[in-house]
Amino acid sequence: MDHTSAGRCVLPDQVPAGKRLTIETVTGFYSADGGGILGAAFITVGTIRYAFPWVECGTPPSNIRRFFGFSHAVRLYVDGPAVLQFDAAGGSGAGTDTADGEYSITGFLEALP
């Protein structure tokens, strides 16, 4: 983490050549001592970026004061070979050094048509 990114995550497995990943849901959460998320979370595939806005949620699951998340049903197609990367830009405020977050996607892999 740094002042320009609230988190970066490169998915461990790439989409292999000759295959298509159909993404059906994108989910994320972020919690921190203070501050918040000003920008969106992004999935980057090559030069294409898909944005997912953060929403401030209810009471955090622990003593952390701020909790943000999103869960979107989508239909995104990623033709291989491709590497997917998550970024969350625009972190702000004091106390974000104790931030934590996760991203996940669900979908299926199939042969390119």
Side-chain angles (χ1 to χ4, degrees):
M1 287 189 190
D2 61 33
H3 68 284
T4 61
S5 177
R8 172 165 287 166
C9 174
V10 177
L11 275 65
D13 296 321
Q14 68 176 358
V15 180
K19 299 285 185 176
R20 171 177 284 165
L21 174 62
T22 300
I23 299 173
E24 296 181 317
T25 62
V26 180
T27 304
F29 82 84
Y30 172 87
S31 57
D33 261 352
I37 298 296
L38 299 178
F42 297 96
I43 294 179
T44 304
V45 181
T47 59
I48 299 172
R49 296 179 89 191
Y50 303 95
F52 300 92
W54 295 96
V55 176
E56 188 162 10
C57 302
T59 305
S62 65
N63 61 355
I64 296 172
R65 291 180 275 154
R66 305 289 301 271
F67 186 66
F68 298 83
F70 61 84
S71 184
H72 295 282
V74 297
R75 183 66 78 168
L76 303 176
Y77 302 99
V78 180
D79 294 345
V83 174
L84 280 76
Q85 175 177 303
F86 275 102
D87 289 286
S92 73
T96 55
D97 58 324
T98 59
D100 187 26
E102 292 183 15
Y103 304 103
S104 67
I105 61 170
T106 62
F108 57 91
L109 195 61
E110 62 186 349
L112 277 171

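- With sequence neighbours left out, the side chain to side chain donor-acceptor pair (under 3.5 Å) criterion links Q14 to no other residue.
- Going from atom CG of D79 over to atom CZ of R20 covers 4.0 Å, rounded to the nearest 0.5 Å.
- Rounded to the nearest 0.5 angstrom, K19 NZ and F108 CZ are separated by 12.5 Å.
- Qualifying side chain to side chain donor-acceptor pair (under 3.5 Å) partners for T22, counting only residues two or more places apart in sequence or in other chains: none.
- Rounding to the nearest 0.5 angstrom, the gap separating the CZ atom in F86 from the OG atom in S104 is 7.0 Å.
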Show every donor-acceptor pair shorter than 3.5 Å between a side-chain atom in residues 68-77 and any protein atom, with sequence neighbours excluded, or say none if there are none.
from: S71; atom 1: OG; to: T27; atom 2: OG1; distance (Å): 3.3

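- Within the 4.5 Å cutoff, side-chain heavy atoms of I23 are placed close to those of L84.
- The shortest heavy-atom contact between A41 and W54 is N-NE1, 3.4 Å.
- Among V83, L21, L109, the one residue that satisfies the side chain to side chain contact (heavy atoms under 4.5 Å, CB included) test with V78 is L21.
- At a threshold of 4.5 Å between non-hydrogen side-chain atoms, the residues I43 and I105 count as touching.
- Partners of I48 under the side-chain contact (heavy atoms from CB on, under 4.5 Å) rule, at least two apart in sequence or in another chain, are Y50.
- The hydrophobic cluster containing V55 does not contain F52, counting ILVMFWY residues as joined when their side-chain heavy atoms lie under 4.5 angstrom apart, directly or transitively.
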